[in-house]
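First up is the structure itself, then whatever we jot down about it.
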Amino acid sequence: MRCLLSLVIVSAASLMRSVLAAKYEQYILAPSSRSLHPVSVYDVNGTVTGAESLTGNQLGSAVFEDASAVTFDYEKGIGGVVSLIIGDVSDTDQYIGITFSESSLWISANFSDATHDAGNDEALWFNPSGPGVYTVPRERERGNFKYLTLVHNTTGRLEVTQVTTHFTSMPHYAEDQLRNYTGYFHCNDELINRIWYAGAYTNQICTIDPHYGNALIFLGIVNSTQTITGSLPWYSNFTITNGSSALVDGAKRDRLVWAGDMAIAVPAIVVSTNDLISVRNSLDSLFALQNTTTGQLPYAGRGFFPIYSATYHLYTLIGVADYYLYSADLEYLNSMWERWKFAMNFSLGFIDESGMMNVTSSADWLRFGMGGHNIEANSILYYTINQGLLLAGVMNDSSVISSWQAYAAGIKASANRLLWNSTAGMYRDNETTTLMPQDGNCWAVVANITESPEQNRAISANLIERWTPYGAPAPEAQRAVSPFISGFELQAHIRASNVSAALDLMRLQWGFMLDDPRMTNSTFMEGYQDTGELHYAPFTNDPRISYAHGWATGPTSTLTFYVAGIQLLSAGGQTWRVSPALGDLTSADAGFETSLGVFSATTTVDGHGGISIHFSAPAGTMGGVSVPYPACSGQMTLREVNGKCEDVVVDVVAQENVSGRIEIEGLVGGDWDVQFSCS
Ligand SMILES: *[C@@H]1O[C@H](CO)[C@@H](O)[C@H](O)[C@H]1NC(C)=O
Ligand SMILES: *[C@@H]1O[C@H](CO)[C@@H](O)[C@H](O)[C@H]1NC(C)=O
Ligand SMILES: *[C@@H]1O[C@H](CO)[C@@H](O)[C@H](O)[C@H]1NC(C)=O
Ligand SMILES: *[C@@H]1O[C@H](CO)[C@@H](O)[C@H](O)[C@H]1NC(C)=O
Ligand SMILES: *[C@@H]1O[C@H](CO)[C@@H](O)[C@H](O)[C@H]1NC(C)=O
Ligand SMILES: *[C@@H]1O[C@H](CO)[C@@H](O)[C@H](O)[C@H]1NC(C)=O
Ligand SMILES: *[C@@H]1O[C@H](CO)[C@@H](O)[C@H](O)[C@H]1NC(C)=O
Ligand SMILES: *[C@@H]1O[C@H](CO)[C@@H](O)[C@H](O)[C@H]1NC(C)=O
Ligand SMILES: *[C@@H]1O[C@H](CO)[C@@H](O)[C@H](O)[C@H]1NC(C)=O
Ligand SMILES: *[C@@H]1O[C@H](CO)[C@@H](O)[C@H](O)[C@H]1NC(C)=O
Ligand SMILES: *[C@@H]1O[C@H](CO)[C@@H](O)[C@H](O)[C@H]1NC(C)=O
Ligand SMILES: *[C@@H]1O[C@H](CO)[C@@H](O)[C@H](O)[C@H]1NC(C)=O
């Protein structure tokens with residue numbers, strides 16, 4: 001019955017990138033040109049004639065007279081270097097200033113939003129001597145803004161004939177490649193579609209020229225205890241990685257490499273642009289800082305304090321495992337393996353007689369109370385050890401297997417013995433608290449620290465109970481909504497077989513981040529409060545919050561991997577599983593490419609128990625398909641479209657007590673159709 005052909009070696013396919021993206025091109029937010037002009041006028045103060053003429057890409061004429069200002073709206077988040085074409089000036093004493101804001105909340109003619117935890121960022125000024133093109137220095141590029149304000153502060157007149165922002169994100173892509181995604185997603189819910197593409201775009205905005213990183217020029221000098229009168233200088237010109245592109249946390253700030261953020265951003269990149277070189281440059285920059293005596297990895301990349309974080313150290317190791325899974329670059333894994341083990345052994349050294357790691361550093365994703373036998377850190381360690389065991393298998397390195405397996409088993413047993421509260425149906429943060437965190441409970445499910453499906457269901461149900469009208473709060477971070485940790489919450493609901501909850505959380509939280517008028521309608525932000533206030537508990541200075549943060553892009557990979565259901569089980573997708581789980585959706589269509597070729601799956605359900613799946617995987621790969629067990633009886637047919645293989649026919653007898661999924665394994669790469677309708 002099963003179509004099992006022998007494996008053949010496929011060479012890295014060279015594919016036409018445009019083919020995949022063209023499918024749903026209308027949702028792509030990336031620009032088709034690097035020269036961007038204002039889209040609309042948001043506000044005018046004082047006397048400015050012709051402000052509208054500066055929208056669009058024609059030359060116009062806006063004349064600023066005396067103290068006056070215009071705020072332009074780009075209608076999405078963009079980033080880059082601004083140029084003005086100045087026309088007539090009444091005299092050489094005329095000044096024109098530029099300010100930026102990601103949110104409508106911080107539009108001002110006096111200053112930009114902020115990069116530090118106190119004060120605002122200063123305006124950029126020109127004192128044009130006459131007509132001509134005036135461009136801000138490259139280190140004054142602004143990584144993300146929706147609003148640009150031009151301010152004239154003198155008596156007299158000054159004419160502006162064009163405002164241009166040279167888009168600097170994705171510096172290694174040709175201008176006509178910015179929209180050439182290698183992946184796509186579409187379903188019957190428009191909000192979910194927009195969320196997928198905004199996630200993809202957020203990561204593009206956060207991919208920068210590494211010579212213009214680290215906007216934190218006052219790191220450690222300006223902090224929330226200070227009151228800043230006036231505004232602070234700002235610039236980004238610190239080289240953060242080798243190569244010509246790097247993935248950073250946020251586009252406005254910090255413009256630094258953070259491994260935790262990458263755990264969410266990288267899978268989203270893989271299913272949309274497959275820009276792995278930027279991921280690699282960023283990972284390399286972290287390993288360049290590995291302590292050669294201890295194996296310790298840094299909290300963040302070059303430009304930040306040398307701090308240890310138990311979790312971000314592990315996220316760097318997860319970064320290597322992810323990079324290998326998606327790239328199939330064995331040479332890279334080979335070159336990293338000794339350093340990977342060195343770093344893993346450093347973490348294992350924190351495991352004490354309890355069986356769990358004792359966290360001694362407070363540094364994490366800016367949550368509070370991060371110490372002791374913390375459930376999040378131990379779940380991440382458990383997950384990372386298991387990733388290590390997979391990599392050890394690939395590397396044929398049996399030296400670590402038994403000890404790592406024993407450590408993992410010890411963590412799991414101890415976490416359940418000491419931290420699981422069966423009355424509450426959640427894990428507590430550590431043994432000396434009753435606080436039950438969002439991060440640790442999500443990670444416990446994601447890492448499979450849990451010992452039963454009942455635990456997963458309890459955690460999922462308890463997390464849902466906590467939602468406010470604005471999203472999922474993190475009690476361990478003063479009820480901040482963390483779009484980062486909520487990315488893991490999406491995965492936790494799916495592992496608890498509650499796909500609809502994951503979709504509902506996307507609509508609630510990511511829908512809010514798209515559609516609230518204070519947002520960019522295009523990029524996802526770093527954090528906010530569960531009341532909807534755009535304040536993020538770890539910071540006192542609200543204009544500082546980043547509105548384009550790659551760690552907030554969890555839905556993009558979750559939708560492709562778990563809803564459309566295209567899962568890579570081994571490097572590059574040499575083995576795979578197609579396992580659609582549509583929740584309350586009726587259709588999902590997704591695809592992406594790896595070095596082995598294109599993977600795609602299109603699923604529709606008819607609402608009466610019928611399902612149709614068309615999926616495709618590269619020749620030479622092998623995999624399986626997993627279909628939700630139908631609620632009615634009938635015949636399921638699995639057909640290889642090109643007729644190479646015998647059809648697989650499964651007689652389904654619906655029974656009240658039968659649920660779960662029908663799994664068919666051992667399929668060769670190719671084009672397949674699954675059809676089921678109730679008889
Ligand atoms: C315009 O004036 C209003 C009212 O004083 C103020 O709130 C707004 O920030 C000003 N906008 C600019 C761009 O100066
Ligand atoms: C902004 O600048 C104007 C003058 O251009 C001044 O009157 C106003 O007080 C300033 N506002 C702030 C908040 O600094
Ligand atoms: C206008 O702004 C420039 C740059 O900050 C400053 O040098 C100049 O004194 C200001 N002019 C007035 C009249 O405020
Ligand atoms: C991107 O796609 C467009 C439209 O299909 C195509 O014309 C262009 O050549 C592609 N660019 C690159 C660099 O692949
Ligand atoms: C904040 O900055 C001030 C001035 O640089 C410094 O004295 C103080 O120690 C800093 N506080 C913190 C918590 O870093
Ligand atoms: C970055 O630019 C600032 C302001 O122009 C300058 O003072 C600083 O030396 C530059 N730093 C580097 C690393 O180039
Ligand atoms: C490496 O770690 C050791 C032990 O903690 C420490 O003494 C040393 O300063 C570290 N080296 C670097 C380069 O940070
Ligand atoms: C244990 O968790 C609580 C709640 O998060 C926290 O306040 C406390 O500091 C943690 N204990 C340690 C040792 O970090
Ligand atoms: C964790 O280690 C710290 C520092 O060595 C120690 O003070 C603390 O008691 C340990 N915590 C636990 C729960 O063992
Ligand atoms: C376990 O959860 C119950 C119900 O929420 C709570 O009353 C109890 O204090 C918790 N126990 C511990 C040890 O955290
Ligand atoms: C999760 O752990 C349980 C044992 O607690 C095991 O039976 C199950 O196979 C694991 N699931 C995965 C996906 O590894
Ligand atoms: C937000 O963007 C979508 C396209 O992604 C557009 O259709 C919608 O009109 C925009 N909403 C606002 C308020 O600008």
Side-chain angles (χ1 to χ4, degrees), residues 13-34 81-82 98 112 114-119 121-126 135-143 167-184 200-201 204 207-242 244-246 253-256 272-275 277-278 285 299 301-307 362-363 366 368 537-541 544 591-593 598:
S14 69
L15 292 140
M16 293 202 301
R17 288 168 171 266
S18 52
V19 174
L20 288 180
K23 218 167 166 183
Y24 299 108
E25 218 225 349
Q26 70 272 24
Y27 293 98
I28 296 177
L29 292 160
S32 54
S33 160
R34 288 194 182 273
V81 176
V82 177
I98 303 171
S112 291
T115 48
H116 302 281
D117 206 18
D121 287 0
E122 68 182 7
L124 307 178
W125 287 96
F126 291 117
T135 302
V136 305
R138 178 68 198 261
E139 76 247 28
R140 300 297 209 138
E141 75 174 57
R142 196 73 176 176
F167 185 79
T168 49
S169 293
M170 301 296 284
H172 55 316
Y173 272 38
E175 183 171 53
D176 72 356
Q177 198 187 346
L178 294 169
R179 292 168 60 83
N180 290 13
Y181 285 13
T182 52
Y184 60 83
Y201 181 57
Q204 288 187 289
T207 301
I208 68 167
D209 183 329
H211 302 99
Y212 300 95
N214 192 16
L216 304 177
I217 55 171
F218 292 115
L219 187 64
I221 301 170
V222 172
N223 61 48
S224 57
T225 64
Q226 286 152 279
T227 310
I228 307 288
T229 47
S231 50
L232 291 165
W234 56 273
Y235 46 81
S236 300
N237 57 357
F238 189 85
T239 300
I240 51 168
T241 75
N242 292 340
S244 56
S245 64
R253 63 135 271 282
D254 317 333
R255 298 173 73 81
L256 287 169
S272 56
T273 60
N274 204 25
D275 174 26
I277 187 64
S278 306
S285 78
Y299 185 23
R302 232 191 277 167
F304 201 71
F305 301 113
I307 293 173
S362 63
L366 297 186
F368 302 93
F539 302 154
T540 54
N541 196 29
R544 180 185 195 214
F592 63 94
E593 84 180 48
V598 175

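Order of listing sets the numbers, starting from 1, for every ligand and every atom in it.
Pro538 and Leu366 get closest at one heavy-atom pair: CG-O, 3.4 Å. Shown here for Gly303 and Asn214, the closest heavy-atom pair between the two residues is O-ND2, 3.4 Å.
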Could you walk me through whether Ser245 and Ser278 pass the side chain to side chain donor-acceptor pair (under 3.5 Å) test, one step at a time?
CA-CA 5 Å; Ser245 64; Ser278 306; 2.7 Å; yes

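Ligand 5 places these atoms under 4.0 Å from at least one heavy atom of Ile221: 2 (O), 4 (C), 5 (O). Less than 4.0 angstrom separates some heavy atom of Tyr235 from each of these atoms of ligand 6: 1 (C), 2 (O), 3 (C), 4 (C).
Between Gln204 and Ser169, the closest side-chain pair of non-hydrogen atoms is not below 4.5 Å. Annotation: side chain of Tyr181 is in contact with side chain of Tyr201 (closest heavy-atom distance under 4.5 Å). Contact of the Arg34 side chain with the Thr168 side chain is not registered, since no non-hydrogen atoms from C-beta on lie closer than 4.5 Å.
Taking the centre and axis of the six-membered ring of Phe238, the NZ or CZ atom of Arg302 falls outside the cone set by 45° and 6.0 Å.
For atom 11 (N) of ligand 6, the nearest non-hydrogen atom from the set Thr239, Asn237, Ile217 belongs to Asn237.
Within the 4.0 angstrom cut-off, atom 9 (O) of ligand 6 has no protein heavy-atom neighbours.
Taking distance alone, with nitrogen or oxygen atoms compared against 3.5 Å, Gly220 stays at or beyond that limit from ligand 5. Geometrically, ligand 5 and Thr225 share no nitrogen or oxygen pair separated by less than 3.5 Å. Any N or O atom pair closer than 3.5 Å counts here, and Gln177 shares no such pair with ligand 4.
Contacts of Asp176 with ligand 4, taken as heavy-atom pairs under 4.0 Å, involve both backbone and side chain.
If you check which protein heavy atom lies closest to atom 12 (C) of ligand 5, you get Asn223 ND2, 3.2 Å. Glu139 OE2, 3.5 Å is the protein heavy atom nearest to atom 4 (C) of ligand 6.
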